[in-house]
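Per chain, numbering begins at 1; letters A, B, ... match sequence-line order. Heavy atoms only: backbone and side chains are in, while hydrogens, waters and symmetry mates are out.
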Amino acid sequence: METTELSLQDRRVLNEFQHHFPLSSSPYAELAERLGSSEEEVIGQIKRLKKAGLISRVGAVIQPHTIGYSTLAAMAVPAEKIEAAVKVINRLPQVNHNYEREDEMNLWFVVTAEDEADLEQILTQLESDSGYPVHSFPMVRDFHIDLGFSLDWKHPYSSSNQVHPAAFS
Amino acid sequence: MNSQIDLDAITDADRRVLEAIQGGLPLVPHPYAEIGLSIQMDEEEVIERIRTLQQSGVIRRMGIIVHHRPLGYQANAMVVWNLPEEQIEAFGNAVSPLDFVTLCYQRRADLPRWPYTLYTMIHGKDRESVLQRVQTLVELSPLKQQTDYKVLFSSRRFKQQGARYFNQQRTTTTQNDGATQHHPAP
């Protein structure tokens, strides 16, 4: 989708409701009131932007490591043993991404668990099942969350695609 | 990071609400009522619990969550940086606003094998342009060309699904702005 295909209303929907979504019986009607449109139109608009891949969902961003614990983990596996290792890793329902990357540390995957102890147990199990050490790199800080997003300068489909001056300050 | 959040204060009922909304609010006139129906809770309670979870910081924000994947970019690389502890924040703040940097995380190192603590996902239309952009970041780094970093292009994707914190067999997918946010790989 090109920038020009997004109406002003679309950009407003993408920009203005990333925070403080109404906690009321009819939240989309509240959005509509602010946009000067109707509840039905707003719901249709969000559905359309979702279908276009611009909106992921309407919902909550949960503070990492509060209701669950996750980590980015990696293993160094010889090229000819990759397929077998992948089979072992992907068997786990707690693994939700698994990529091969061009490095000696070549298998990268995310593991989510109920808590830290649960995670440790899963990783230990994985080490013994695969026969390779598992390196775990839990997140300490997300710079994007801490900064907050403004699509006005962050996104290629927004009206301005300039790098924010803060990038160089 | 979440030391001020009292995890013990999160009740089972809170967890049911979080689980029910992790795939997103339904796009219907009364989404909280519909969420409530699925977990036998009335609308007001769903709303109140979300409000409380927001106040306590468990929910960082409620709203429209946009895809942070730049359009038209084909190639990406995870670039990892080994920076002196005191430089991480300044560098992270400098590079995360760049439009081709879609993820910027500080992560724990695993010494001695892996000293890298800052992870950035860099997008570009092809491999060459990704590498050029990596150079832009190198120039912003405190040690410039002396900086210890690695560029890890992905070669194959073996699995991709939403994060699943709850072990129930739900098929909803989620994006948690944490380790598993967005694709390509975090």
Side-chain angles (χ1 to χ4, degrees), chain A residues 13-14 17-21 23 25-28 39 43 46-47 53-68 70-72 86 90 93 95-103 108 110 112 135-145 147 154 156-157 161 163-164 166-167, chain B residues 1-2 5 7 10 15 18 21 24-25 27 29-31 43 47 50-51 57-67 70-71 78 92-94 96-99 104-108 110 113-114 150 152-165 175-180 185-186:
Chain A
V13 164
L14 290 169
F17 306 107
Q18 293 189 35
H19 296 265
H20 313 298
F21 194 76
L23 291 173
S25 183
S26 312
Y28 302 109
E39 180 183 57
I43 289 176
I46 294 174
K47 283 184 179 164
L54 296 173
I55 288 177
S56 157
R57 68 199 153 95
V58 179
V61 173
I62 294 168
Q63 168 76 39
H65 305 172
T66 51
I67 59 148
S70 65
T71 194
L72 176 64
V86 164
N90 286 1
V95 168
N96 56 50
H97 283 77
N98 190 359
Y99 281 76
E100 180 185 22
R101 294 193 172 276
E102 298 171 11
D103 190 75
W108 290 81
V110 172
T112 60
H135 301 274
S136 175
F137 314 111
M139 186 170 78
V140 175
R141 177 173 178 180
D142 179 338
F143 280 91
H144 280 150
I145 285 186
L147 273 176
K154 180 67 193 173
Y157 51 77
N161 193 19
V163 169
H164 192 262
Chain B
M1 219 174 147
N2 52 33
I5 298 175
L7 299 184
I10 305 173
R15 286 173 188 277
L18 290 168
I21 65 172
L25 292 182
L27 297 169
H30 303 292
E43 185 184 41
I47 290 175
I50 293 175
R51 197 189 308 280
V58 174
I59 293 178
R60 294 186 72 139
R61 66 176 167 99
M62 278 285 292
I64 288 183
I65 295 162
V66 299
H67 267 304
L71 300 164
M78 182 173 80
N93 284 334
S96 54
L98 298 168
D99 66 352
C104 185
Y105 295 144
Q106 182 182 349
R107 295 184 176 280
R108 204 169 71 199
D110 190 3
R113 179 69 194 262
W114 198 259
K150 264 187 193 229
L152 287 85
F153 281 99
S154 62
S155 39
R156 274 184 288 178
R157 184 175 82 195
F158 293 115
K159 192 173 192 179
Q160 183 182 14
Q161 72 183 31
R164 202 176 283 168
Y165 286 112
Q175 183 192 40
N176 61 20
D177 279 16
T180 60

Donor-acceptor pair, distance only, cut-off 3.5 Å: does the side chain of A:His19 make one with the backbone of B:Arg61? no
A:Val58 and A:Phe17, any side-chain heavy atoms less than 4.5 Å apart: no
Would you check, one step at a time, whether the test ring-ring contact (aromatic ring centres under 6.0 Å, His included) holds for B:Phe153 with A:Tyr99? CA-CA 10 Å; B:Phe153 281 99; A:Tyr99 281 76; over 10 Å; no
Counting heavy-atom pairs under 4.5 Å with chain A, which one of B:Ile64, B:Ile59, B:Ile47 comes out on top? B:Ile64
Would you mind checking which part of B:Ile10 comes under 4.5 Å of any heavy atom in chain A, side chain (CB onward), backbone (N, CA, C, O), both or neither? side chain
Determine yes or no for a side-chain-to-main-chain donor-acceptor pair under 3.5 angstrom, with B:Arg60 supplying the side chain and A:Val61 the backbone. no
Chain B contact via A:His135 - side chain, backbone, both or neither, heavy atoms under 4.5 Å: both
Counting heavy-atom pairs closer than 4.5 Å to chain A, which one of B:Lys150, B:Arg51, B:Glu43, B:His30 comes out on top? B:His30
